[in-house]
Amino acid sequence: MALGVNFGGRDRRISKRAIGTLARLSRFLKSAATKPVALAAGFAILGATTMGLPAHAQSTFQTAVPSAILVDFSTGAILFDKDSEKRLAPGGIVKIMTGAIVFDEIRAGRITQDTLFTVSENAWRRGGGPSGGAAMFAAVKSNVRVGDLLIGALAISGNDAAIALAEGVAGTEGEFTVKMNAKAEELGLTGSSFRNSTGFADPGQLTTARDMAQLSRYIIRTFPNLYPIFAVPGIEWSKIKQRNRNPLLDAGVGADGLHASWVKDVGYHLVGSAVQNNQRLIAVVMGASSEKVRLEEMRRLLDWGFHSFEHRALFAADAELARAAVFGGETGSVGLAAREPISLLMPRNSQDKLVARITYHGPLRAPIAKGAEVAQLEITRGQLKVLDVPLVTTADVPVGTMWQRAMDGAGVLVGDTARDLGTKLMAKIQK
């Protein structure tokens, strides 16, 4: 039996033996794609079509808190991780997301810091003086600048200010939480769900240390002119003076944000960022047993990060790191690169092996545009996933000829080598 295939109008017949050879070649190349190949000194790279599971940290640093993470701001590299994906009730650190939504509105030009929002009776009664909780003490029915409400919510954790911002932006706090959850999805905060703008207890309101670190990095990078609101020393409103509630700001570690909270039966949380010697770190500790433990563990974590790591350049921007298989294109693969230089904070004098894993859902289908984000570069140090960087295509790949598409239809052949071998094999068959 033979299989008939049309190439450019000419009928060719492929024997069962040739079909078997193509199938074996395809299976071999597919399996080879998952084996390590050299990437750079100290690296191995694994090709795959599914995302790997997150790894857990192993480190010489130890902490008493149940959940913590330390992240290098410039690269996003994870320096320390202890159960950072544990979902916990967040309390007032929810206001970090509240701030992010309002910052988005300001950036979009829909409001300014001088826009006036009314403090509704709901905001005053549930979050103001009558509530007995943290409050800005804004008068009911008063009109307050957005800039002042942001200070009230982010610096002194005023619940009335947070509710007033939510109602001013979205009409109701419920509609505001729709924006909060949409933002969480946009940023990939997979462990977070938001039910209000304040952090009031709700069984459905949860977050993780990892998500809070990622959200904080987004805010610092995206809103450099608004981020300093988190560090405003205090505010006087309705003749009541209050200091910033973030204890890290006065701890002498170079901190300039973000927020602290306490949740009954869960513990004390702190999300912070600090700068030393032009290096910024983001740290989160969750579930500490006391205010003292919370601050001590945060200081220890930041001190360890600043003194134990050094930057190491890995890859230049636009450097081809690997090739992804392409189905139905002029070429059988396309280069993958990062948009920006890739560097990493490494423990000083470390001999740890770095392993890079590139993952994508493939083969990619032609046509493919240059610069399309199609893959992820994941770098691990030991058992700790330290970096996750999107990769883009380095060239356009138009749809291939009938012959090229037929070759791909015979089996997903991975890479240019596969296409070349297949072409040579077919040339021999056609003689």
Side-chain angles (χ1 to χ4, degrees), residues 51-90 93 96 184 187-192 206-218 220 248 253 255 258-259 266-274 279-289 293-312 314 342-348 350-357 359 376-390:
M51 295 298 291
L53 296 175
H56 296 288
Q58 286 186 344
S59 172
T60 55
F61 183 83
Q62 301 293 326
T63 179
V65 298
S67 178
I69 194 169
L70 180 67
V71 177
D72 174 42
F73 169 75
S74 64
T75 65
I78 300 171
L79 310 182
F80 176 80
D81 185 311
K82 180 182 179 182
D83 208 3
S84 70
E85 296 185 1
K86 181 181 179 69
R87 302 185 79 199
L88 297 169
I93 60 174
I96 299 173
L187 297 179
L189 310 185
T190 57
S192 297
L206 299 166
T207 194
T208 68
R210 184 181 291 258
D211 282 358
M212 282 293 109
Q214 188 169 335
L215 174 61
S216 299
R217 185 168 181 250
Y218 164 77
I220 298 169
L248 192 63
V253 294
L258 296 160
H259 212 80
V266 176
Y268 294 82
H269 307 327
L270 182 54
V271 181
S273 183
Q279 178 187 349
R280 178 182 290 279
L281 300 179
I282 297 171
V284 183
V285 297
M286 296 187 71
S289 58
V293 170
R294 175 179 67 184
L295 182 56
E296 286 179 352
E297 293 304 289
M298 177 66 88
R299 290 182 61 174
R300 288 182 59 245
L301 186 56
L302 286 168
D303 284 342
W304 175 76
F306 282 124
H307 294 100
S308 302
F309 291 83
E310 60 185 358
H311 272 283
R312 184 178 300 179
L314 301 182
I342 299 176
S343 62
L344 187 66
L345 275 183
M346 286 287 292
R348 297 184 189 278
S350 171
Q351 300 300 314
D352 290 349
K353 180 181 179 181
L354 297 177
V355 176
R357 179 182 178 87
T359 59
Q376 290 289 127
L377 170 66
E378 176 188 296
I379 298 176
T380 58
R381 188 181 73 246
Q383 292 186 339
L384 176 64
K385 183 172 76 171
V386 295
L387 200 60
D388 203 352
V389 180

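A quick note: this is a predicted structure, and the numbers were derived from the prediction, not measured.
One distance of note links CG of Leu387 with CD of Gln376; it measures 10.0 Å at 0.5 Å rounding. Note that CD1 of Ile78 is 11.5 Å distant from CD1 of Ile282, once rounded to the nearest 0.5 Å. Note that CZ of Phe306 and CG of Leu345 are 10.0 Å apart. Values are rounded to the nearest 0.5 Å. Ile220 CD1 to Ser273 OG: the interatomic distance, rounded to the nearest 0.5 Å, is 3.5 Å.
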Side chain to side chain contact (heavy atoms under 4.5 Å, CB included) between Val284 and Leu270, intermediate numbers included: CA-CA 6 Å; Val284 183; Leu270 182 54; over 6 Å; no
When you look at Leu248 and Leu302, which way does the side chain to side chain contact (heavy atoms under 4.5 Å, CB included) test go after all the steps? CA-CA 11 Å; Leu248 192 63; Leu302 286 168; 4.0 Å; yes
Check step by step if side chain to side chain contact (heavy atoms under 4.5 Å, CB included) holds for Met346 and Leu354. CA-CA 10 Å; Met346 286 287 292; Leu354 297 177; 3.6 Å; yes
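Taking 4.5 Å as the limit, some side-chain heavy atom of Asp72 sits within range of a side-chain heavy atom of Leu281. Contact of the Arg381 side chain with the Pro347 side chain is registered, since non-hydrogen atoms from C-beta on lie closer than 4.5 Å. Taking 4.5 Å as the limit, some side-chain heavy atom of Met286 sits within range of a side-chain heavy atom of Ile93. For the pair Val271/Ile96, a side-chain contact is recorded, criterion being any heavy-atom separation below 4.5 Å from C-beta on. In this structure the side chain of Phe61 never reaches within 4.5 angstrom of the side chain of Lys82, judged on heavy atoms. Contact of the Ser74 side chain with the His311 side chain is registered, since non-hydrogen atoms from C-beta on lie closer than 4.5 Å. Side-chain contact between Thr63 and Leu301: absent, with no pair of heavy atoms (C-beta onward) separated by less than 4.5 Å. At a threshold of 4.5 Å between non-hydrogen side-chain atoms, the residues Val386 and Thr75 do not count as touching.
For Phe309, the ring-ring contact (aromatic ring centres under 6.0 Å, His included) test picks out Trp304, with sequence neighbours left out.
The closest donor-acceptor contact from the side chain of Arg294 to the backbone of Tyr268 lies at 3.5 Å or more, if one exists at all. Using modelled atom types, one side-chain atom of Gln214 and one backbone atom of Leu187 make a donor-acceptor pair closer than 3.5 Å. A donor-acceptor pair is defined here as one N or O able to donate and one able to accept, closer than 3.5 Å; such a pair exists between the side chain of Glu297 and the backbone of Ala64. Looking only at distances, no side-chain donor or acceptor of Lys385 sits under 3.5 Å from a matching main-chain atom of Ile379. Using modelled atom types, one side-chain atom of His269 and one backbone atom of Ala89 make a donor-acceptor pair closer than 3.5 Å. With Arg87 contributing its side chain and Thr207 its backbone, the two residues share no donor-acceptor pair below 3.5 Å.
Closest non-hydrogen pair, Pro90 versus Leu206, comes out as CD-CA, 4.0 Å. A pairwise comparison of heavy atoms in Ala288 and Pro66 identifies N-CD, 4.3 Å as the closest pair. In plain terms, the two heavy atoms of Thr208 and Ser84 that are nearest each other are CB-O, 3.3 Å.
The residues Arg357 and Glu378 are annotated as not salt-bridged, no charged nitrogen and carboxylate oxygen being separated by less than 4.0 angstrom. Taking a cutoff of 4.0 Å between a charged side-chain nitrogen and a carboxylate oxygen, Asp81 and Arg210 qualify as a salt bridge. At a threshold of 4.0 Å, the pair Glu296-Arg299 does not count as salt-bridged, since none of the basic side-chain nitrogens sits closer than that to a carboxylate oxygen.
At a cut-off of 3.5 Å, with distance as the only test, no side-chain donor of Ser67 or Asp83 sits close to an acceptor on the other residue.
Residue Leu79 is tested with Leu70, Val71, Ile69, Leu344 for a side-chain contact (heavy atoms from CB on, under 4.5 Å); the sole match is Leu70.
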